[in-house]
Amino acid sequence: MRRAAAKAGARAKPVKVRKGGKVAVVLSGGNPRIAKADGDAPVQAYIAAMPGWKRDLGKRLDALIVRTVPNVRKAVKWNSPLYGIEGQGWFLGFHVFTHYVKVTFFRGTSLRPVPPGGKGKDARWIDIREDDLDEAQLATWVKQAAALPGWVPGRPS
């Protein structure tokens, strides 16, 4: 167990990456480290710090979500952008990994068709690789997910 904890700690070491005069802290795997905060600004800071092709994907994801759910609430928590509806909780979050961006629907088992990733009680996800975004399918899932009661940290499902 100690070895696994040490290994997990080793993966989480931040790396500073210089981008256009700014220094972004990126965790191993390429996930930006952004302080917890509510609103669009921290989400945009996260997206701006996403490496390479993932930055463009992050912009496309954010625009698609805003276009599909105009009253969406945004925040960065646990180094991931979250999207939700005020008073209903979070319906979606994404996270950067070395070769893909994982988009998680917190009530994914209620979506049709059910996103392919995951085996937990409620959450399902998709892993998006470069040039692999099906915007029509994602928009359908986003619309469905936003209509469901969202995930609220600390509250039982």
Practice task
Looking only at non-hydrogen atoms, find the nearest pair between Leu111 and Ala145 and report the distance.
Solution key: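 Closest pair (atom of Leu111, atom of Ala145, distance): CD2-N, 3.6 Å.
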Exercise for the section: Give a yes or no answer on whether the side chain of Ser80 reaches the backbone of Val76 with a donor-acceptor pair at less than 3.5 Å. Expected result: no
Problem - Minimum-distance pair of heavy atoms, taken over all atoms of Val152 and Gly89 - result: CG2-CA, 3.8 Å
Handout entry: Distance (rounded to the nearest 0.5 Å) between Lys121 NZ and Thr109 OG1
Key =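 Those atoms lie 9.0 Å apart.
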Exercise for the section: Might you point out which heavy atoms bring Gly58 and Ile47 nearest each other, and give the distance in Å? Expected result: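 Distance-wise, the nearest heavy atoms are O-CD1, 3.6 Å.
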Practice task
For Leu148 and Ser110, work out which heavy atoms get closest and say how close.
Solution key: CD1-CB, 3.6 Å
Handout entry: Side-chain donor or acceptor of Arg73 paired with backbone N/O of Glu86 under 3.5 Å
Key = no
Handout entry: Minimum side-chain heavy-atom gap Pro42-Lys36 below 4.5 Å
Key =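 Side-chain contact under 4.5 Å: no.
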Exercise for the section: Without swapping roles, check the side chain of Asn79 against the backbone of Asn31 for a donor-acceptor pair under 3.5 Å. Expected result: no
Handout entry: ILVMFWY network linking Trp53 to Phe94, side-chain heavy atoms under 4.5 angstrom
Key = yes
Exercise for the section: Could you give me the CA-CA distance, side-chain angles and deciding distance for Trp151 and Phe91, then say whether side chain to side chain contact (heavy atoms under 4.5 Å, CB included) is met? Expected result: CA-CA 6 Å; Trp151 170 65; Phe91 63 84; over 6 Å; no
Problem - Approximate separation, where rounding is to 0.5 Å, of His95 NE2 and Thr104 OG1 - result: 9.5 Å
Problem - Pro32 vs Val96 side-chain heavy atoms within contact, under 4.5 Å - result: yes
Exercise for the section: Kindly say whether the aromatic ring centers of His99 and Phe97 come within a distance under 6.0 Å. Expected result: no
Problem - Steps toward side chain to side chain contact (heavy atoms under 4.5 Å, CB included) verdict (Lys54, Tyr100) - result: CA-CA 8 Å; Lys54 296 170 197 153; Tyr100 59 91; over 6 Å; no
Handout entry: Among Leu82, Val69, Val72, Ile65, side chain to side chain contact (heavy atoms under 4.5 Å, CB included) partner for Leu92
Key =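 Filter result, single survivor: Ile65.
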Problem - Minimum side-chain heavy-atom gap Pro153-Trp78 below 4.5 Å - result: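 Answer yes - side chains close enough.
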Problem - Val66 side chain near Thr68 side chain, heavy-atom distance below 4.5 Å - result: no
Problem - Non-hydrogen side-chain atoms of Arg60 and Leu133 separated by less than 4.5 Å - result: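 Answer yes - side chains close enough.
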Problem - Exercise: do Tyr46 and Asp62 side chains pair donor with acceptor under 3.5 Å - result: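 Short answer, no.
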Exercise for the section: Could you walk me through whether Leu61 and Val103 pass side chain to side chain contact (heavy atoms under 4.5 Å, CB included), step by step? Expected result: CA-CA 9 Å; Leu61 288 171; Val103 178; 4.0 Å; yes
Exercise for the section: Indicate the atoms forming the closest heavy-atom contact of Arg129 with Asp127, along with that distance. Expected result: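 So the two residues come closest at NH1-CB, 3.6 Å.
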Practice task
Compare every heavy atom of Gly117 with every heavy atom of Arg124, then report the nearest pair and how far apart it is.
Solution key: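 Closest approach of Arg124 to Gly117, heavy atoms only: CD-O, 3.0 Å.
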Handout entry: Cluster overlap Met50 with Tyr83, hydrophobic side-chain contacts below 4.5 Å
Key = yes
Practice task
Using a 4.5 Å cut-off on heavy atoms from C-beta on, say whether the side chain of Pro115 contacts that of Trp141.
Solution key: yes
Handout entry: Validation row: Phe105, Trp125 side chains within 4.5 angstrom (heavy atoms)
Key =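 Sidechains of Trp125 and Phe105: no contact.
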Exercise for the section: Apply the test side chain to side chain contact (heavy atoms under 4.5 Å, CB included) to residues Ile128 and Leu57: give CA-CA distance (whole Å), side-chain angles for both, the deciding distance (0.1 Å), then the verdict. Expected result: CA-CA 9 Å; Ile128 303 173; Leu57 176 60; 3.7 Å; yes
Handout entry: Student check: side-chain heavy atoms of Lys59 and Gln44 closer than 4.5 Å
Key = no
